[in-house]
Amino acid sequence: MKKPIIVGNWKLNGNKELINKFFIPLNKFLEKYYKKSTVVIAPPILYAAFIQHIFSSNKRNFFIGAQNTDLHSSGPFTGEISPSMLIDVEVDYVIIGHSERRLYHQEDNESTAKKFYILKKENLIPIVCIGETLKEKRDNQIQEKCKNQIDEIFKICGSKHAFNNSIIAYEPIWAIGSGRSADPEEVQRIANFIREYIELKANSEIKNFFIQYGGSVTPDNVKQLISQKDIDGFLIGGASLQLQEFTKIIKIINQMYS
Ligand code: PGA
């Protein structure tokens, strides 16, 4: 059975005080769980080295993620962070193409696919976010939207193995931060569509490929969601900032998997 992967996306939240309170108990809690599930926290990137420092002499039972990357490795790109810098501060997973970046930073399928390509080249694990708006859902365009977002990655990566060692986070945009998560059976249908579409296009089985769901995941809805066959984990925003909520979610997922 696949090890579920649970990623906390802190977005533009957190500070040293929260980090000091959050990570030691989280790490202790994960002593019991880290073998059965992969847990990643993506804080604002300037805190990655601080977290790394806290755990410089004890074993870290979670991975550090980033919320974005630049395409370049160095040079005159003010304000950017490169994949090699992420590696330097022990980042393993990188979220790309989040709907908030598409909305507020003009990112699109092409720039997201280029980032996907560069991350794979650097052996970082991309978590690429895809999903529809409420209007697209009402217009029955969910599959079409996801298909276009996936196709651009195939186009730019040009390889049947593009999706090996990667994660797609299916995140209906209307469900993000709204307190209204998508219906688990509908998420299963879409996750299954995504998996089959990628396998068909790649004309082979994809190795180490995960599909997450994201959008208002809480301890109350996670059990039904993780029971779906094609959901391998979650991208969690709000609830990942609350230690109690987040650990409850991890516990429930692990009960379902054991
Ligand atoms: P949410 O965010 O869990 O707060 O809905 C999910 C995300 O944006 O990745």
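Just follow the structure's listing: the first ligand is 1, and inside any ligand the first atom is 1. All residue numbers in this chain count up from 1 along the given sequence.
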query: Should the pair Glu199-Arg195 be classified as a salt bridge under the 4.0 Å nitrogen-to-oxygen rule?
result: no
- line: Near ligand 1 (heavy atom, under 4.0 angstrom), the protein residues are Asn9, Lys11, His98, Glu171, Ala175, Ile176, Gly177, Gly215, Ser216, Leu235, Ile236, Gly237, Gly238
query: Are the aromatic ring centres of Trp10 and Phe23 under 6.0 angstrom apart?
result: yes
query: Does a salt bridge link Lys114 with Glu110, judged by any charged N lying under 4.0 Å from a carboxylate O?
result: yes
What pairs of donor and acceptor atoms, side-chain ones from residues 149-158 against any protein atom, are under 3.5 angstrom apart with sequence neighbours left out?
from: Gln149; atom 1: OE1; to: Gly131; atom 2: N; distance (Å): 3.0
from: Asp151; atom 1: OD1; to: Tyr197; atom 2: OH; distance (Å): 2.5
from: Asp151; atom 1: OD1; to: Lys201; atom 2: NZ; distance (Å): 3.0
from: Asp151; atom 1: OD2; to: Tyr197; atom 2: OH; distance (Å): 3.1

field: Plane angle bin for Phe163 and Phe116 - parallel if under 30°, tilted between 30 and 60°, otherwise perpendicular
entry: tilted
query: Stepwise, does the side-chain contact (heavy atoms from CB on, under 4.5 Å) test hold for Val91 with Ile45?
result: CA-CA 9 Å; Val91 162; Ile45 197 61; 3.8 Å; yes
